[in-house]
Q: 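Can you keep this structure in mind? I'll have questions shortly.
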2 protein chains.
Amino acid sequence: MAQRSSANGRRSRHKPARMDIHAVARRARVSIATVSRTINHIPSVDPELANRVREAIRELNYFPNTQARALVSGRSRLLGLIVSEITNPFFPELIQGFEDVAVEHGYEILISSTNYDPERMSLCIRRILERKAEGVAVMTFGIEEPLLDQLAEREVPLVFVDVGPDRPGVSVLRVDYQHGIRQGVQHLAALGHRDIAFVTGPPRLHSAQSRRTAFRRSLQECGIPVDERWIVEGDHMMEGGMAAAERLLGGKRPPTAIMCSNDMTALGVLHTAYRVGLRVPADLSVIGFDNIHMTEMMIPPLTSIQMSRLELARAAVSALRAHVERSSPKREYRIDTQLVVRESTGVPRRAKIRLPRGNRRKAKSAAPPANGIAGI
Amino acid sequence: MAQRSSANGRRSRHKPARMDIHAVARRARVSIATVSRTINHIPSVDPELANRVREAIRELNYFPNTQARALVSGRSRLLGLIVSEITNPFFPELIQGFEDVAVEHGYEILISSTNYDPERMSLCIRRILERKAEGVAVMTFGIEEPLLDQLAEREVPLVFVDVGPDRPGVSVLRVDYQHGIRQGVQHLAALGHRDIAFVTGPPRLHSAQSRRTAFRRSLQECGIPVDERWIVEGDHMMEGGMAAAERLLGGKRPPTAIMCSNDMTALGVLHTAYRVGLRVPADLSVIGFDNIHMTEMMIPPLTSIQMSRLELARAAVSALRAHVERSSPKREYRIDTQLVVRESTGVPRRAKIRLPRGNRRKAKSAAPPANGIAGI
DNA sequence: GAGCGTGGTGAAAGCGTTTTCATGTAAGGG
DNA sequence: CCCTTACATGAAAACGCTTTCACCACGCTC
């Protein structure tokens, strides 16, 4: 009877039965206040009534309207997350972690990406402000003063990576790039590398600048002079890595190792090496940064520096929560980085003879640990 | 004077000056109705007053509260997007496109991922329903009936990929997998491959099943018998690709070519080939699917089948808009797929002698076109 | 037995908008 | 010069919820 003809016949112009808190209240024969209290687990509700309410909710498939809720309570339970770009695998992994942690604490998240374009930052902020997010994690370049003022005016808690203004309500996640990068440089030095280049990230990105600085310092610590011509600019994308590697490897005295400001850059470098017929690690060692999941699958698997997305996410959410829920003073969090040795680093073929610090033997003994999965 | 002591001193307990439509109205000496009308570009407003309002808005840095707006107008200007997983690069690229197109039409988007877990689907739906999205694009496996009913009850427009229930308000984006996959199989056959394996996606994923079916049919079209043992299950992740390749290549008579249900799987296959010392494409040809951005950087660059994210996004948004804004009847959209030849496919070394269809010469002439960028 | 908490309940205010409706004013026609 | 028409404007209702506040009915204590 209801096979086909009545499916979208004249009767289908019904309005959807409104399904608000009043409907539930009516059905459970209580007031809307009691329904609200039941939903929000306020203990003073008579268990008998609460059961009636819960049953009505189930029968009607009711759930509260988030917007109305947020409007009246002043709490959106929303956290903003501004990232550089969503197509760089590091960020989805970060977003995943951020979301997991946020949900754990009863928040939802609002993602915005700047695509490294400062123009878009104000759009991101506006979006987030319009939706009345209770806090914002900024995981890209910094925010300019006027925008910061807007956020401060609304008293929106903020958390930055690496660097942020000294304002109330602003927390900073300090990442110890130095540790991981030092390990990376030491690893290369131990293998016998002296000619180590670095491909940076976008100039605007503070986290990228910090990595560069850490690289320079690490080089000095290892007693290797810093040659600025070997620090070339990338863009944290594959293309920039390719281009940078072409420049570096096209010179008359190319480096034997290239460190990269992130893994996508390293992927580009690996690709250029492949294109010009250099074997990695025999002819060129490559180190990435971030240790994204995909590094394991690169050919060869990429030695990289791990920065925990989950730690970052946890710290960000907890910083934001600290402000929102307890309005406690701002805090600083420290995130560690750690070298993960895979197969893209090895003893340079064009071995340097002159090891001024006399650690020739050491270099040999510190060959990269095999990664377990050698062959199947 | 305000150097440090007063920064978080006793005076900082002020409440943030409320910044609602009333404040603007007061400042512009008009009613809130006029402010609202100005904001919403209703032409009947006196230009003089409108100017006053705009100025007041600028001075106060005012912008409307999205929640209140949505509550009263019944329009959230929000579109939901449910994807499989955000860490698979295909999806960020899709999300990017979806967002761009949505913003173009004045919508924002709400992203949810199922992680291939049907349990999480109901959470995704609930999230989206709670926020009162005006439409949902489901880019993962299908939705079960009870959940569909919930959505139908609220009259939320839906758009699916490949397959969807025949209901009012539901559109389907039909992807022509057959075209691209046929091209892929023909390409392999032309090169001389006869032993072609396929690594599928998760069983639940309809789009993955369609790809498998298209592969089978394409094989038959080329006169190559289908050997079910060469169709092995993957998970659309790198790990599944690795495992599947290990199984395929570990046999006594391994295939000379492997097609994959997506590019991540192909990445895993490439990696296993590398591990067991097979050269691609000399010893093994590999074809991916999706043609994600990264395929260009794989070693070797991956031959893949392009499915346009932007087209998919455009179709999805326009299907949703058709329902929301014009409540027009549901439509079907067609998305094409297209082979992109790179360097992971070539003439099999272990050439098949017996070419039953006598296309031995053809095979030779159909060597893969070089990709332009041979060397730098 | 009167006074007094105590604790569960519902009425109603209010969140920041949009939108309807009535009002006032100016222009235009007889 | 008065009446009509048109139109810009503001007052107020409504959106779906949380939360305050007053209320009522208990069970106590003195």
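We name chains A, B, ... by the order of the sequence lines, and we start the count at 1 in each one.
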Q: Contact list please: residues 123-130 of chain A against DNA chain C, heavy atoms, distance less than 4.0 Å, in numerical order.
A: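 Those residues whose heavy atoms fall under 4.0 Å from DNA chain C, taken from residues 123-130 of chain A, amount to none.
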Q: Could you go step by step and tell me if A:Leu78 and A:Lys132 meet the side chain to side chain contact (heavy atoms under 4.5 Å, CB included) rule?
A: CA-CA 7 Å; A:Leu78 213 55; A:Lys132 290 277 179 295; over 6 Å; no
Q: About how many Å separate CG of B:Leu71 and OG1 of A:Thr66, when rounded to the nearest 0.5 Å?
A: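 So the gap between those two atoms works out to 11.0 Å.
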Q: Keeping to residues at least two apart or across chains, list the salt bridge (Lys or Arg N to Asp or Glu O under 4.0 Å) pairs with something in residues 102-123 of chain A.
A: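 Counting only pairs at least two positions apart or across chains, the salt bridge (Lys or Arg N to Asp or Glu O under 4.0 Å) contacts touching residues 102-123 of chain A are A:Glu104-A:Arg314, A:Glu108-B:Arg127, A:Glu108-B:Arg131.
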Q: What is the separation between atom CE on B:Met19 and atom C1' on C:dT17, rounded to the nearest whole Å?
A: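 That distance rounds to 14 Å.
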Q: Between OG1 of B:Thr114 and CD of B:Glu85, what distance do you get to the nearest 0.5 Å?
A: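 Atom-to-atom, B:Thr114:OG1 and B:Glu85:CD are 8.5 Å apart.
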Q: Roughly, in whole Å, what's the span from CZ in A:Arg69 to P in D:dC17?
A: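 The distance from CZ of A:Arg69 to P of D:dC17 comes to 9 Å, rounded to the nearest Å.
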Q: Distance check needed: C:dA12 C1' versus A:His22 NE2, whole Å only.
A: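 Interatomic distance, NE2 of A:His22 to C1' of C:dA12: 11 Å.
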Q: Give me the atom names and distance for the closest heavy-atom approach of B:Ala133 to B:Ser76.
A: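 Closest approach of B:Ala133 to B:Ser76: CA-OG, 3.8 Å.
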Q: Is the count of non-hydrogen atoms from other residues, nucleotides or ligands lying under 6.0 Å from A:Glu59 atom CD greater than 12?
A: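 It does: A:Glu59 CD has more than 12 such atoms within range.
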Q: Out of curiosity, A:His323 NE2 to A:Glu134 CD, how far, rounded to the nearest 0.5 Å?
A: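 Rounded to the nearest 0.5 Å, the NE2-CD separation comes out at 13.5 Å.
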Q: Using atom types as modelled and distance alone, determine if a side-chain donor or acceptor of A:Thr38 lies under 3.5 Å from a backbone N or O of A:Thr34.
A: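 Yes, A:Thr38 side chain to A:Thr34 backbone: donor-acceptor pair under 3.5 Å.
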Q: Restricting to nitrogen or oxygen on both sides, can you table the protein-nucleotides 12-15 of chain D pairs closer than 3.5 Å?
A:
residue, atom, partner, partner atom, Å
D:dC15, OP1, A:Arg18, NH1, 3.4
D:dC15, O2, B:Val72, N, 3.4

Q: A:Tyr62 versus A:Ile39: any side-chain heavy-atom pair under 4.5 Å?
A: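 Yes; the side chains approach each other to less than 4.5 Å.
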Q: Could you tell me how far apart A:Arg29 (CZ) and C:dG8 (P) are, to the nearest whole angstrom?
A: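 A:Arg29 atom CZ is separated from C:dG8 atom P by 20 Å.
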Q: Below 4.0 angstrom from OP1 or OP2 of C:dT17, is there any side-chain N or O of B:Ser36?
A: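 Negative; the distance criterion is not met.
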Q: Counting distance only, does the side-chain N/O of A:Ser113 pair as donor-acceptor with the main-chain N or O of A:Asn115 below 3.5 Å?
A: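 Such a contact is absent between A:Ser113 side chain and A:Asn115 backbone.
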Q: Taking only nitrogen or oxygen atoms into account, show me every contact under 3.5 Å that the protein makes with nucleotides 24-27 of chain C, one pair per line with its distance.
A:
none

Q: Using atom types as modelled and distance alone, determine if a side-chain donor or acceptor of A:Arg52 lies under 3.5 Å from a backbone N or O of A:Ala28.
A: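 Flag set: sc A:Arg52 to bb A:Ala28 pair under 3.5 Å.
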Q: Distance check needed: C:dG14 C1' versus B:Ile21 CD1, whole Å only.
A: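 Whole-Å distance recorded here is 16 Å.
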Q: In Å, rounded to the nearest 0.5 Å, how long is the span from CD1 of B:Ile21 to OG of B:Ser36?
A: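 Between atom CD1 of B:Ile21 and atom OG of B:Ser36 there are 5.0 Å.
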Q: Assign each of B:Val30 and A:Tyr62 to its nearest nucleotide of DNA chain D by heavy atoms, then name whichever residue's nucleotide is nearer the 5' end.
A: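 The residue mapped nearer the 5' terminus is B:Val30.
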Q: Within a 6.0 Å radius of atom CZ on A:Arg204, are there more than 12 heavy atoms belonging to other residues, nucleotides or ligands?
A: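 Counting other residues, nucleotides and ligands, CZ of A:Arg204 stays at 12 neighbours or fewer.
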Q: Quick one: A:Phe63 CZ to D:dC17 C1', roughly how many Å, whole number?
A: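 The distance from CZ of A:Phe63 to C1' of D:dC17 comes to 15 Å, rounded to the nearest Å.
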Q: Nearest 0.5 angstrom please: B:Ile86 CD1 to A:Ile95 CD1, how far?
A: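 Reported to 0.5 Å precision, the distance equals 4.5 Å.
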Q: Return the polar atom pairs (N/O with N/O) between nucleotides 22-26 of chain D and the protein under 3.5 Å, or none.
A:
none

Q: Using only atom types and a distance under 3.5 Å, with no angle test, would you say the side chain of B:Asp149 pairs donor to acceptor with the backbone of B:Ala152?
A: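 No.
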Q: Rounded to whole Å, how long is the line connecting atom CZ of B:Arg75 with atom P of C:dT17?
A: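 Taking atom P of C:dT17 as the reference, CZ of B:Arg75 is at 18 Å.
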Q: Heavy atoms from C-beta onward define the side chain here; which of C:dT17, D:dT9, D:dG16 lies closest to that of B:Thr34?
A: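 Out of C:dT17, D:dT9, D:dG16, the nucleotide with an atom closest to B:Thr34's side chain is D:dT9.
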Q: Would you sort out whether A:Asn40 and A:Arg69 count as a side-chain hydrogen bond (donor to acceptor under 3.5 Å, both in side chains), showing the intermediate values?
A: CA-CA 11 Å; A:Asn40 294 298; A:Arg69 249 180 153 171; 2.9 Å; yes
Q: Short of 4.0 Å, heavy atom to strand atom, which residues of residues 37-57 of chain B count as contacting DNA chain C?
A: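 The stretch gives B:Arg37, B:Asn40 as the residues lying under 4.0 Å from the strand, ordered by number.
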